[in-house]
Amino acid sequence: DKVGGLIGESQGAVTLIGGNFTGDVSASGDKVGGGVGCAAGDVTITDTVASGNISGANEVGGLVGRGDGTVTVTATTATPMATGSVVASGDKSGGVVGSVGGDVTLTDVVASNSVSGVNQVGGLIGEAQKSVALSGVTRSGAVTSVGGSQVGGLIGAASAAAELVSISNSTVSGNISGAVDRKSVV
């Protein structure tokens, strides 16, 4: 559990600026991320690239597996921040974030990785438990639910506690497959 390309687990806040991780991250447990596996505090990521293949059980993300606080990811260039693949044998897999407990904001993020899992599979976010703001994001690559539901090109599932989901000036391309329920955003 709690495996990351740069940070496995942080009990506090995490700030990553200009990081670059090009290897694969593979674990049999939960909370696996290309940048951060699990953070108890707020996570702020700017212009950080994870270009490997990320795999785990539950809460698996291209940059962050699980963020308990707010997660803010910003790009100031057109370089994809998440490439390769994200594969979860269980639930809550996302091209950028597997699961987030606080508000999540993604601005001008480009993600081109493939994402697969069982339930709550999203091109950018697997599961969002509070408010979501996506602005200027570009998402490409296949998003696949293997025998499950709650799959979306951007967000797999926004929980009942999610007060607001705001999406503006964003683009999605690639194949989306799996059973889709009412909480999915495509």
Side-chain angles (χ1 to χ4, degrees), residues 1-5 24-38 43 50-68 71 73 80-106 109-134 137-162 165 167 170-186:
D1 287 358
K2 303 174 183 175
V3 179
D24 295 342
V25 179
S26 178
S28 59
D30 302 336
K31 301 176 174 68
V32 182
V36 180
C38 179
V43 177
S51 56
N53 300 310
I54 316 301
S55 63
N58 300 288
E59 297 181 305
V60 182
L63 288 173
V64 179
R66 168 67 186 185
D68 290 337
V71 174
V73 182
M81 296 180 73
T83 63
S85 65
V86 173
V87 178
S89 59
D91 302 334
K92 303 175 185 176
S93 57
V96 175
V97 182
S99 176
V100 59
D103 296 339
V104 58
T105 303
L106 274 58
V109 171
V110 178
S112 58
N113 48 1
S114 62
V115 183
S116 66
V118 180
N119 299 299
Q120 299 161 334
V121 184
L124 295 177
I125 302 164
E127 179 201 38
Q129 296 175 345
K130 290 196 176 175
S131 297
V132 179
L134 306 178
V137 300
T138 302
R139 166 70 209 166
S140 62
V143 180
T144 305
S145 169
V146 182
S149 64
Q150 296 178 307
V151 55
L154 295 176
I155 304 167
S159 74
V165 175
I167 301 171
S170 299
T171 303
V172 179
S173 62
N175 295 325
I176 314 297
S177 62
V180 180
D181 78 2
R182 64 183 175 82
K183 295 180 182 175
S184 297
V185 177
V186 176

| query | So, for A158 and V165, which heavy atoms are closest and what is the spacing to 0.1 Å? | reply | CB-CG2, 4.0 Å

| request: May I ask you to decide if G95's main-chain N or O and N113's side chain share a donor-acceptor pair within less than 3.5 Å? | output: yes

| Expected output: side-chain S145 to main-chain V118 donor-acceptor under 3.5 Å | yes

| note | Sorted by chain and residue number, the side chain to side chain donor-acceptor pair (under 3.5 Å) partners of T83 (sequence neighbours excluded) come out as none

| request: Apply the side-chain contact (heavy atoms from CB on, under 4.5 Å) test between V86 and each candidate in V143, V25, V60, V121; give the one that qualifies. | output: V60

| query | Is it true that a side-chain atom of D103 and a backbone atom of S131 form a donor plus acceptor pair closer than 3.5 Å? | reply | yes

| Student check: side-chain heavy atoms of I125 and L134 closer than 4.5 Å | yes

| Between S99 and E127, what is the shortest heavy-atom contact and its length? | OG-OE1, 2.8 Å

| task | State which residues pass side chain to side chain donor-acceptor pair (under 3.5 Å) with S85; sequence neighbours excluded, sorted by chain then number. | result | N53

| query | Does a side-chain heavy-atom distance below 4.5 Å link L106 with R139? | reply | no

| task | Check Q150 against A157 and note the closest heavy-atom contact, atom names and distance. | result | NE2-CB, 3.7 Å

| Approximate separation, where rounding is to 0.5 Å, of K31 NZ and R66 CZ | 7.0 Å

| message | One pair to check against side-chain contact (heavy atoms from CB on, under 4.5 Å): M81 and V96. What are the steps and the verdict? | response | CA-CA 8 Å; M81 296 180 73; V96 175; over 6 Å; no

| field | Minimum-distance pair of heavy atoms, taken over all atoms of K2 and C38 | value | CG-CB, 3.9 Å

| said: Once rounded to the nearest 0.5 Å, what's the spacing between atom CD1 of I176 and atom OG1 of T144? | reply: 8.0 Å

| note | Looking only at heavy atoms, the pair that brings G56 and V32 closest together is CA-CG2, 4.1 Å

| Validation row: L154, V172 side chains within 4.5 angstrom (heavy atoms) | yes

| message | Any side-chain to backbone donor/acceptor pair from S93 onto S116? Under 3.5 Å, distance only. | response | yes

| field | With D30 via side-chain contact (heavy atoms from CB on, under 4.5 Å) - residues at least two apart | value | D1, A57, N58

| query | About how many Å separate CD of E59 and CG of D91, when rounded to the nearest 0.5 Å? | reply | 9.5 Å

